Amino acid sequence: MEKKRVLSGMRPTGLLHLGHFFGALQNWVKLQEDHECFYCIVDYHALTTDYEDTSNLKDYIFNMAVDWMAAGLNPKKSTIFIQSAVKEHAELHLLLSMVVPLGWLLRVPTYKEQLREIKGKDLHTYGFLGYPVLQAADIVVYKAGIVPIGEDQLPHLELTREIVRRFNHFYGNVFPEPEAMLTEVSRLPGTDGRKMSKSYNNSIFLSDPPELMRSKIMMMVTDPARKRRNDPGNPDICPVFAFHKVFSPPEKIVEIDRECRRAGIGCTECKSYLADHVKKRFSDFIDRRNQFASDKRKMEAMLAEGAERARAVASETVREVREAVKL
Ligand code: TRP
Ligand code: SF4
């Protein structure tokens with residue numbers, strides 16, 4: 001059987017944090033071993049919400065590429081590129097938009113939710129409404145069969161499938177229907193115990209220098225009931241312990257679980273252990289990151305080559321599409 005093509009993307013609207021690493025990135029790195037993978041820095045999608053101030057966009061794109069490479073994405077195995085460097089995404093977005101009923105877009109659950117929740121940005125725009133159409137174009141321009149995404153993206157994938165069916169109905173069987181591959185959500189909370197998120201200001205970024213990672217860990221919230229050193233703690237509700245479960249060796253996790261409950265270990269000591277293990281776990285990553293970050297020319301060449309490879313596939317699809325639509 002022919003191997004299915006994989007496509008996924010991330011929006012360069014900020015720096016990547018540990019949640020991205022243990023959620024999406026690790027899975028992407030694994031997938032490239034036995035699939036043909038396309039990984040796209042979706043800068044047009046960043047513009048759908050962050051169109052007013054684009055001064056950081058280039059910097060976010062560069063850092064995203066560096067984080068991806070440091071995490072182990074390999075341009076010899078995967079096609080890594082910037083969305084706007086492959087104009088076919090935009091052309092296909094336009095052509096798909098012709099067949100997408102407005103009602104479908106207005107009904108996407110994330111649409112209304114984000115209009116309500118994202119403060120300080122006017123999202124009543126044509127571009128933002130069309131976000132899922134652009135995402136559909138990203139996927140089908142490579143005829144991808146598998147789309148690794150988080151659960152929050154499922155409505156967008158379902159819409160992609162609907163768009164594909166409608167397009168194929170009008171113009172013949174041009175696109176395959178892609179399937180979602182759910183990435184396990186990261187078990188890492190933010191430093192304040194809420195979900196790790198840029199907007200909460202509780203993130204540990206992959207680009208944080210080791211000293212900053214340490215100081216963020218030392219300032220993490222713990223079991224709030226544990227006010228004094230002698231109070232027993234409950235690791236089950238402590239974000240520091242959630243980190244231990246990801247970073248520390250099994251014996252250590254058992255020990256901390258036990259000692260926390262009988263006040264045998266203090267929070268400062270507990271966090272300091274954690275910081276050591278995080279540092280160890282990321283030391284290779286940080287070395288690789290520094291290397292890639294210091295060679296901007298090489299990164300740009302890598303992305304240009306990725307775009308060229310992507311374009312070869314995308315332009316062939318768009319050629320078929322134009323023929324099908326009789327343009
Ligand atoms: N909407 C996705 C997100 O916010 C990003 C994205 C854009 C994407 N195009 C894509 C993901 C295509 C998968 C496939 O996470
Ligand atoms: Fe959390 Fe560790 Fe303190 Fe227990 S000892 S409350 S696990 S930081």
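What you see below is based on every heavy atom in this structure, not just the backbone, and it leaves out hydrogens, waters and symmetry mates. Just follow the structure's listing: the first ligand is 1, and inside any ligand the first atom is 1. Source: prediction; values computed, not measured.
- Close contacts between ligand 1 and V42 involve ligand atoms 7 (C), 9 (N) [criterion: under 4.0 Å to a heavy atom].
- Protein heavy atom closest to atom 2 (C) of ligand 1, with residue, atom name and distance, is Q153 OE1, 3.3 Å.
- Rounding to the nearest 0.5 Å places CG of L25 at 6.0 Å from CG of L73.
- Checked against the 6.0 Å centroid threshold, F241 and Y273 do not count as a close aromatic pair.
- Residue pairs meeting the side chain to side chain donor-acceptor pair (under 3.5 Å) criterion with at least one member in residues 146-158, sequence neighbours excluded: T110-H156, Q135-Q153, Q135-H156, Q153-H156.
- Shown are the protein N/O/S atoms under 2.8 Å from atom 2 (Fe) of ligand 2, given by residue and atom: C270 SG.
- Under 4.0 angstrom from ligand 1, the non-hydrogen atoms of V147 all belong to its side chain.
- Cation-pi contact between K298 and F292: absent, since separation from the ring centre below 6.0 Å together with deviation from the ring axis within 45° is not met.
- Nearest protein neighbour of atom 5 (C) of ligand 1, counting heavy atoms only, is G9 O, 3.7 Å.
- The CD1 atom of I265 sits 4.5 Å away from the SG atom of C270 when rounded to the nearest 0.5 Å.
- For atom 9 (N) of ligand 1, the closest non-hydrogen atom on the protein side is D138 OD2, 2.7 Å.
- Contact annotation for L134 and ligand 1: no heavy atom of the residue comes within less than 4.0 Å of the ligand.
- Counting only heavy atoms of the protein, atom 5 (S) of ligand 2 lies nearest to R226 NH1, 3.0 Å.
- For ligand 1, the polar-atom distance check against S8 finds no nitrogen or oxygen pair separated by under 3.5 Å.
- Listed by atom number, the atoms of ligand 1 under 4.0 Å from L7 heavy atoms are 12 (C), 14 (C).
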